[in-house]
Protein chains: 2
Amino acid sequence: MNETLYSAIKELKNLAGSKNIAYISSSELARKMGVSQQTASRIILELIKEKYIDRTIENRRQKIMIQEKALDLLYRELNELYSILKINQSFEMEGTVQNGLGEGKYYISKKGYMDQFKEKLKMEPFPGTLNIKINPEYENILRQVRGADGIIISGFKDRERTFGGVKCFNAHIDGIKCYLIFPERSVYTDIIEVISDKYLRQALSLKDGDIIKVNVDFEF
Amino acid sequence: MNETLYSAIKELKNLAGSKNIAYISSSELARKMGVSQQTASRIILELIKEKYIDRTIENRRQKIMIQEKALDLLYRELNELYSILKINQSFEMEGTVQNGLGEGKYYISKKGYMDQFKEKLKMEPFPGTLNIKINPEYENILRQVRGADGIIISGFKDRERTFGGVKCFNAHIDGIKCYLIFPERSVYTDIIEVISDKYLRQALSLKDGDIIKVNVDFEF
DNA sequence: ATTACTAGCACTCGAGTAG
DNA sequence: TCTACTCGAGTGCTAGTAA
């Protein structure tokens, strides 16, 4: 990753705001970045090639759409700085309890995962996940959490198929210790999966549709 | 500022930890950064020249001391990301009420400042400052706050001398709205000055030596 | 082992300019 | 006006090597 592209992404995201859409000419970007118009133009082309942005030219002006990959990069940088500067943060998110479909249970119970949970999380998880649909206003916090390095649970193979790696984050809900688990390769969903050594639905008296707060605890 | 130097500073600060001292050879830094040993060596020389680090060579190994200028850079980047990503933060710091010496009163009362306070902070400050010595464990938070862009109060001249610009941050102490004020040019002191439209010592029943919490409110 | 100089090469930048 | 191509110049890289 070229460092100049990072600076350009910052400029563009700053302009784009929460809609992630910016209208800017190459010479204007050039001026903001302190480079020539030609270089700015080349940077935009590179950003498109690397899928950090999408661009259309409408009525002689460029419409730049910031892509997930670019936001990922910015949040990753933010997390890296948190980590380097040893800034401890706790993030709160709010969401709605979802019907779990029993899929979680299938995955959690796999020996390949379970053994690692016991070893790395120092607990034996209840065989099932609590699924929470995070409210849209917490989208950015979720993105930041997802971009952080968690406790890595490696992928594995069994007779039938391959299971991908996941990463876990320390969290708590209403004082009950739990872990958020995400696929290691980032997937953009607003539904998070929570595991704990307790049956969370029971311990917290939850039913589908309940609104709850989840706190993610980072320590570097 | 070269972007490569920024990456190098991150690597070095990461290694250095809170003591801001790292022992690392140029080839090790080269490996971490994915460049040649020669380039890493040159980077270190540039960092020294630009006063981001200090270096001594003891018993064949380099001792690298991270300088304030480098920390400034990292915190500034962090703040820039906060701003770009519209992350609102509130920072809490703890400190001890200090004897103010009446200096604050002299400055605050200057028309050049007072007019701007009224206009930009939309309040008429009590003519005096509450000085708080921040506890060392909040040093990094203080650094981060100081590195942020606040509400700018421009410097001015009167008949006798020049008064430098200051920047203000929204804050509150025990629910009372106030502002932190810092000289615009960063100075490394652990004493902060607080102004408010109220006489804070009275409103909060404070005396020298009292320990209080200050919350700085950022909004981007 | 280190650090860091010199030489040469590669890559990135901006000027000129086309579409 | 815009964007973006080509090309020459200069920066910054690595390899070789000295200390």
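Numbers restart at 1 for each chain; the letters A, B, ... are given by sequence-line order, proteins then strands.
Put simply, B:Ser41 has no side-chain N or O that comes within less than 4.0 Å of OP1 or OP2 on C:dT3. Residue A:Arg55 has no polar side-chain atom (N or O) positioned under 4.0 Å from OP1 or OP2 of D:dC2. When the side-chain nitrogen and oxygen atoms of A:Arg42 are compared with OP1 and OP2 of D:dT6, none of them lie within a distance under 4.0 Å. Put simply, A:Gln62 has a side-chain N or O that comes within less than 4.0 Å of OP1 or OP2 on D:dT3.
Following rounding to the nearest Å, B:Met33 (CE) and D:dG12 (P) show an atom-to-atom distance of 14 Å. Rounding to whole angstrom units, CD1 of residue A:Ile24 and P of D:dC2 are separated by 12 Å. Following rounding to the nearest Å, A:Ile57 (CD1) and D:dA4 (C1') show an atom-to-atom distance of 9 Å. What separates CZ of B:Arg31 from P of D:dT14 is a distance of 15 Å, to the nearest Å. Rounded to a whole Å, the CD atom of B:Glu3 is 15 Å from the C1' atom of C:dC13. Taking atom CG on A:Leu5 and atom C1' on C:dT12, their separation rounds to 12 Å, with Å as the unit.
Within the nucleic acid shown, B:Ser25 comes within 4.0 Å of sugar-phosphate atoms alone, with no base atom in reach, counting heavy atoms only. Looking at heavy-atom distances under 4.0 Å, A:Leu45 makes contact with sugar-phosphate atoms alone, never a base.
Comparing A:Gln38 and A:Asn2, the nucleotide of DNA chain C nearest to each residue sits closer to the 5' end for A:Asn2. Where A:Gln37 and B:Ser36 meet DNA chain D, the nucleotide closest to each residue was compared, and A:Gln37 sits on the side nearer the 5' end.
The closest side-chain donor-acceptor pair between B:Asp72 and B:Tyr52, if any, does not fall under 3.5 angstrom. Remark: the A:Glu3 side chain and the B:Thr4 side chain contain no N/O donor-acceptor pair separated by less than 3.5 Å. Side chain to side chain, B:Ser90 and B:Asn88 fail the donor-acceptor criterion of an N or O pair below 3.5 Å.
Under the ring pair (Phe, Tyr, Trp, His ring centres under 6.0 Å) rule, B:Phe169 has a single partner from B:Phe182, B:Phe91, B:Tyr179, which is B:Phe182.
Taking the six-membered ring for Trp and thresholds of 30 and 60 degrees, B:Phe156 and B:Phe163 have nearly parallel ring planes, at less than 30 degrees apart.
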